[in-house]
Amino acid sequence: MSAPAPNPVVAPDHIHALLKHLHQESLTQEAALPSGYLGSPNGFDELMRDKFIALDQDKCQFVYQLARATGARNIVEIGTSFGVSTIYLALAVGSNLEHLGGEGVVIATEKEHTKAEKARHHWKQAGDDLVTRHINLREGDLLETLENNIPQVDLVLLDIWAPVALPALKLLEPKLRSGAVVIIDNSISSASRYKELLDHLRSLTSGYTNLTLPYSKGLEMCVRI
């Protein structure tokens, strides 16, 4: 009998239990969605307005591990939703600050007020000291909320469906340090929705190296060089 897959996330038991519950709730909601919802151009935002659909657990663990490996202190999450992946990012930043010193923050963006409130509730459950204090939630139009007060960025997690993805990244690019990592979820299953963004990142003159990781539905890892 093989050993269970290791979990890199360093956190107390109550956070692991919370994350397990939230991921299960997300899977339940996703299973109830109509077939082909990822590629549906009509009514997608309305369909997803009250849906979880968190970043998959294995992807969250990878991003956490990546943030720890790179010593990421400042992370921007484009598309926070109910704040599940944000918990992983906050735990990584908190651990990095504890071991490496300095200052850092997870800048999280969310357009929908109801989702932002849910996210705050989940972070409160995880704990103020370990999670909430490391998060700066910017609610509203992200092309406005990301205009100012952005530190040098080490990592960007982009998990948003709207055509705003590329403009949002371009807004952050002046703040990306050399070696900063941009992670994009569903880069295979939603390649048509992300076409402009992926064309930009994969251009020979873009200043990125790119790799599609073989996670379910694809996970794009781009390094700013």
d(I107 CD1, T145 OG1) to nearest 0.5 Å is 9.0 Å
Once rounded to the nearest 0.5 Å, what's the spacing between atom CG of L97 and atom NE2 of H134? 6.0 Å
Identify whether the distance between the nearest side-chain nitrogen and carboxylate oxygen of E110 and K118 falls below 4.0 Å. no
Taking all heavy atoms of A108 and all of T86, pick out the closest pair and write down the distance. CB-CG2, 4.1 Å
Is the closest side-chain heavy-atom distance between I15 and P12 below 4.5 Å? yes
Considering all heavy atoms of both residues, which atom of L143 and which atom of L171 are nearest to each other, and what is their separation? O-CD2, 3.8 Å
Just by distance, do the side chain of R224 and the backbone of L176 share a donor-acceptor pair under 3.5 Å? no
Given 3.5 Å as the limit, does a donor-acceptor pair link the side chain of S203 with the main chain of D199, or not? no
When rounded to the nearest 0.5 Å, the distance separating CD1 of I225 from OG of S178 is 8.0 Å
What pair of heavy atoms forms the shortest contact from Y64 to S95, and how long is it? OH-OG, 4.2 Å
Indicate yes or no: at least one non-hydrogen side-chain atom of R193 is less than 4.5 angstrom from one of N186. no
Give a yes or no on whether the ring-centroid distance for Y88 and H23 is below 6.0 angstrom. yes
Do L100 and L155 sit in the same hydrophobic cluster, where Ile, Leu, Val, Met, Phe, Trp and Tyr count as joined when their side-chain heavy atoms come under 4.5 Å apart? no
Would a hydrophobic clustering, with Ile, Leu, Val, Met, Phe, Trp and Tyr connected at side-chain separations under 4.5 Å, put I135 with I150? no
Using modelled atom types and a 3.5 Å cut-off, is there a donor and acceptor pairing between side-chain atoms of N210 and backbone atoms of L201? yes
All side-chain contact (heavy atoms from CB on, under 4.5 Å) counterparts of Q152, not counting sequence neighbours: R177
Answer yes or no: are there more than 12 heavy-atom neighbours, outside D13 itself, under 6.0 Å from its atom CG? no
Of the non-hydrogen atoms in I184 and C222, which two are nearest, and what is the gap between them? CD1-SG, 4.4 Å
Could you list all the salt bridge (charged side-chain N to carboxylate O under 4.0 Å, His left out) pairs where at least one residue sits in residues 87-105, not counting sequence neighbours? none
Within a strict 4.5 Å, meaning less than it, do heavy atoms of the L19 and Q57 side chains meet? no
Side chain to side chain contact (heavy atoms under 4.5 Å, CB included) with F82: which of E25, K115, E117? K115
State plainly whether one hydrophobic cluster holds both V93 and L158, where clusters connect Ile, Leu, Val, Met, Phe, Trp and Tyr through side-chain heavy atoms under 4.5 angstrom apart. no
Taking all heavy atoms of A67 and all of T70, pick out the closest pair and write down the distance. O-OG1, 3.4 Å
Any donor-acceptor pair under 3.5 Å linking the side chain of S26 with the backbone of L22? no
Within-4.5 Å side-chain heavy-atom neighbours: L55 and L157: yes
Pairs meeting criterion ring-ring contact (aromatic ring centres under 6.0 Å, His included) with involvement of residues 192-225, two or more places apart: F62-Y215
Below 4.5 Å, heavy atoms only, C-beta onward: do H21 and Q125 meet side chain to side chain? no
Honestly curious: do L146 and I75 fall in one hydrophobic cluster under the side-chain, below-4.5 Å linking rule? no
Within this structure, what is the CD-NZ distance for the pair E139 and K111, rounded to the nearest 0.5 Å? 12.0 Å
Using only atom types and a distance under 3.5 Å, with no angle test, would you say the side chain of T132 pairs donor to acceptor with the backbone of W123? yes
Does a salt bridge link E173 with K170, judged by any charged N lying under 4.0 Å from a carboxylate O? no
Heavy atoms of A168 and I78 approach each other most closely as CB-CD1, 3.9 Å
Given side-chain contact (heavy atoms from CB on, under 4.5 Å), test N136 with N149 step by step and report yes or no. CA-CA 11 Å; N136 174 2; N149 299 319; over 6 Å; no
Hey, does L18 have a side-chain heavy atom less than 4.5 Å from the side chain of I87? yes
Do N7 and H16 touch side chain to side chain, with heavy atoms closer than 4.5 Å? yes
Applied to residues 68-82, the salt bridge (charged side-chain N to carboxylate O under 4.0 Å, His left out) test, sequence neighbours excluded, yields none
Inter- and intrachain pairs under salt bridge (charged side-chain N to carboxylate O under 4.0 Å, His left out), touching residues 183-192, at least two apart: K59-D185
Group every Ile, Leu, Val, Met, Phe, Trp and Tyr by side-chain heavy-atom contacts under 4.5 Å, then state whether V105 and L89 land in the same group. no
Going by the rule side-chain hydrogen bond (donor to acceptor under 3.5 Å, both in side chains), which residues pair with T109 if we only count those two or more places apart in sequence or in a different chain? none
So E220 and T212, do their side chains get closer than 4.5 Å, heavy atoms only? yes
So, does D159 use its side chain to make a donor-acceptor pair with the main chain of G79 at under 3.5 Å? no
Just by distance, do the side chain of D56 and the backbone of D58 share a donor-acceptor pair under 3.5 Å? no
Determine yes or no for a side-chain-to-main-chain donor-acceptor pair under 3.5 angstrom, with D154 supplying the side chain and G71 the backbone. no
